[in-house]
2 protein chains.
Amino acid sequence: MKGEIVDSKVQAGSFVGRNREDVRQFNLSIVLRMLHFAGTVSRSQLTSASGLNRSTISGLVNELEDLGLVTESMGESSSGAGRPSLMVSAAEDVVAFSVNPDVDATTVGVVTLGGHVITKRRFQTRLQPTAQEAAQIAGRLINELRDELAPNTKIAGVGAAVPGQVRLADGVVRLAPHLNWVEQPFGAMIGQLTGLPVFLDNDASLGCMAERNFGVGRGFDDVVYLFSGSGGIGGGAIVNGQQLRGASGYAGELGHVRISDSTSSDYSGLPGTLESLVRRDDLLEVFKLDSATDEELENEILAVRDARSSQAGKMLSLQVEALALGLASFVNIFNPEVVIVAGFLGAVFDYEQHRFLEVLKANSLAASNERVIVRRSGLGSDLLMIGAAELPFRSLLARPSEFEFVRAKARR
Amino acid sequence: MKGEIVDSKVQAGSFVGRNREDVRQFNLSIVLRMLHFAGTVSRSQLTSASGLNRSTISGLVNELEDLGLVTESMGESSSGAGRPSLMVSAAEDVVAFSVNPDVDATTVGVVTLGGHVITKRRFQTRLQPTAQEAAQIAGRLINELRDELAPNTKIAGVGAAVPGQVRLADGVVRLAPHLNWVEQPFGAMIGQLTGLPVFLDNDASLGCMAERNFGVGRGFDDVVYLFSGSGGIGGGAIVNGQQLRGASGYAGELGHVRISDSTSSDYSGLPGTLESLVRRDDLLEVFKLDSATDEELENEILAVRDARSSQAGKMLSLQVEALALGLASFVNIFNPEVVIVAGFLGAVFDYEQHRFLEVLKANSLAASNERVIVRRSGLGSDLLMIGAAELPFRSLLARPSEFEFVRAKARR
DNA sequence: CACTTATGTTGCCGTAGACAACAAAGCCCT
DNA sequence: AGGGCTTTGTTGTCTACGGCAACATAAGTG
């Protein structure tokens, strides 16, 4: 049996060997991944980036073209002498569906292999949906959008970004506190309604990956990501170029890291954590707002900065400090190249950038903080769509020629 | 140029292709790694664990034998019917030197590819050595031990476990607080004195890897490790089966993670951190000791537990709580399968295991803490020797047939 | 309009893993 | 003791795929 572990001592790591077939799949994957991340790359660029031979790249691209994953075109060229290189692009008729259930709405998107969000449909709900309700909404939207796709469009699957803890082993939502979901097989529900393969992961973790692959974290192999939504603070990290997932998939809960002796609890009941000290609700309260988009909240925050309102200013200063203290710990732990703040945390960071960076510096080791960059999230509202779509695409990218697509129905 | 990144958009991850040669090296590496971790494995076990064909394993083992990395023998067999399988072992005449400079002594060891520490030599110093002094001690010991090796013994190189921050890019010790080293090219110094390739890394990080590969963390892909020496608390982590290193190599500074508003500082001047609250010196003080080995300290601690001495007991309870709070954060961040405590932390953990686990549970998310195991370190004093030797072995294991050994001098 | 340069294409080669057939070496049962 | 049975090592053949070199192609260059 392939990969069976016989001796209990031979456990650390994987000891599965490789063969020719693996090489082929890997090289196909390399090429397709470059196209996935960059959209369009010339064949000569593929050659020099991969280190493979021209003829090998030619063969790989041809196979990917036969698989319908890639299109070739004569680039309008120009750059320098020599025969112009053919431009290779990720096929635009390979798509994945993204799903993002949240307290006030469930959103479904269609994302191409080239990384473009071509449709996004949001279905508002008055109350937080149950898993069944959210799955039904998602299933309906997916089936609608699917019928609108060009005939024969290749569908890689469905990825869902869930604001909660997703168990890696079986894709069940173990706990989504503010949706009030416990042990909900959300993925299986959507799978049943759509007949598509469904993948789940935590929203912040996917946001992190999206920023790293397509946003302000592009090109970095060590990233810390902090994201605040309506339901508290989530986090994610890229370690050695790989998503931090943990043994069961629950890793990256950076909002629940303790930074203070304060007894105020966060949404999961833990005291003194980052999430307990940097609360969106606290800001809404000082601004006397019932609800607000992140943009509205940011405008309020920046107004305070200019006006120096004492009440709100004090709250914001506390949050700046708490955020910086938390990130200081993460800098010590991960020694990242870049720290990305998303959601209203970006506005909090901008409120007092200078002091923020001072506190961060004073509470982390010089070696680790001296080169770290703090950035605000760049992908905006498409973030989770792109992140979630990475899940089905990831399994396509792993073994391109063995992947089995589902086709969009031909339009009637 | 192989692996050159052409397009700035094609940055995330590596896009280097593979060829036949890579497959061969990888499979050789697979086999050798199994032997490295397990010492001796039968050929049939190699076959089933790797998923490769019998004949392929045969060829790989033969090549490794020709390279002198492996020995084959008729196992005394027994298990079941069928022709008995040949036993393959890591060659015992392939060794690496380990170096561990510390405040009171510099230790050098000889470790075989099979993971055995065959010699260990400790040179005590009255004061903390400068980097030059420590390098000279290490160089002398290495050259001595080298002359004592059997002629033609193959030397993979030198690995050093340094109690401080080691810059990944050039192997320079950026800061070792309690050795008082700043920007010391410790590796290059030893290299000059011995003519051997030298690799450096942080001691706790190497301890973590050693426990994971050979100790109580064996078989786990997500490990958190906390180690306390005379110079404070260091940490390490295994994420996805890989060592956590960070962008510059400074990751894993788990002792400097903030858990409290306390203003007491740690050895790096950061307030409220785990290291500032769990101090060996504080324990020595309440026990009225000038110095003590970890064993002596543990005996004192266990005596207190039985006698319920109030003064020391209070201190220990505080430390138990702080340690548990810190680990709770790490559990939330990493969702590890196992947490390993080493040094006197093991004794602190054992002092009040029950309360420790309660605090840990109360301050971490249920999803992440429900399956986590806390273990005491198992490798004892050989820990750092084994960990440091992994560094040169790692580069041998990466491309076995291309590695260039240095030979031990023939004995005169 | 030749010359240079860079790239795509094609055919050939070498190699390493898979596979199958056979040999070898131990159990197990009568 | 000896003949299955079972598992493993060995050997020769096959195949697929990346490297390579020669040639074709399509620009730029003077």
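All chains are named by letter (A, B, ...) in the order of the sequence lines, taking the proteins before the strands, and each is independently numbered beginning at 1. For the numbers below, each heavy atom of this structure counts, side chains included, while hydrogens, waters and symmetry mates do not.
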Open item on the list: If only side-chain N and O atoms count, and only distance matters, is there a donor-acceptor pair under 3.5 Å linking A:S401 with A:Q25?
Closed with: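 There is such a pair (donor and acceptor under 3.5 Å, judged by atom type) between the side chains of A:Q25 and A:S401.
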
Open item on the list: Assess, by modelled atom type and distance only, whether the side chains of A:N240 and B:Q243 contain a donor and an acceptor separated by less than 3.5 Å.
Closed with: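 On atom types as modelled, these side chains do not qualify, holding no pair under 3.5 Å.
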
Is [X] salt-bridged to [Y], going by a charged N under 4.0 Å from an acidic O?
| X | Y | value |
| --- | --- | --- |
| B:D22 | B:R399 | yes |
| A:E72 | A:R43 | yes |
| B:D221 | B:R212 | yes |
| A:R245 | B:D222 | no |

Taking [atom1] from [X] and [atom2] from [N], how many angstroms apart are they, rounded to a whole number?
| X | N | atom1 | atom2 | answer |
| --- | --- | --- | --- | --- |
| B:L52 | C:dC19 | CG | C1' | 14 Å |
| A:R20 | C:dC19 | CZ | C1' | 11 Å |
| B:L86 | D:dT7 | CG | P | 17 Å |
| A:D22 | D:dA16 | CG | C1' | 13 Å |
| B:E72 | D:dT8 | CD | P | 15 Å |
| B:R43 | D:dT8 | CZ | C1' | 9 Å |
| B:L28 | C:dA16 | CG | C1' | 11 Å |
| B:E21 | C:dG17 | CD | C1' | 14 Å |

TODO: Residues of residues 53-66 of chain B with any non-hydrogen atom less than 4.0 angstrom from an atom of DNA chain D: list those, numerically ordered, please.
DONE: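 Close to the strand are B:R54, B:S55, B:S58.
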
TODO: Consider the side chain of A:P84, meaning its heavy atoms from C-beta on, and name the nucleotide among D:dA26, C:dG8, D:dG18 that approaches it most closely.
DONE: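 In terms of side-chain proximity for A:P84, the closest of D:dA26, C:dG8, D:dG18 is D:dA26.
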
Task: Out of C:dG26, D:dC17, D:dA26, whichever nucleotide has its closest atom nearest the side chain of A:R24 - done: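 For the A:R24 side chain, the nearest candidate turns out to be D:dC17.
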
Open item on the list: OP1 or OP2 of D:dG18 versus the side-chain N and O atoms of A:N27: is any pair under 4.0 Å?
Closed with: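 A:N27 to D:dG18 OP1/OP2: side-chain N or O found under 4.0 Å.
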
TODO: Using a cut-off of strictly less than 4.0 Å, decide whether B:S85 has a side-chain nitrogen or oxygen near OP1 or OP2 of D:dT7.
DONE: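 So the side-chain polar atoms of B:S85 never come under 4.0 Å of the phosphate oxygens OP1 or OP2 of D:dT7.
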
- [ ] Would you check if the side chain of B:S98 reaches a backbone N or O of B:A388 as a donor-acceptor pair within less than 3.5 Å?
- [x]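 Not confirmed, B:S98 side chain does not pair with B:A388 backbone.
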
- [ ] Please figure out whether B:G82 or A:R83 has its closest DNA chain D nucleotide nearer the 5' end.
- [x]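 Closer to the 5' end of DNA chain D: B:G82.
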
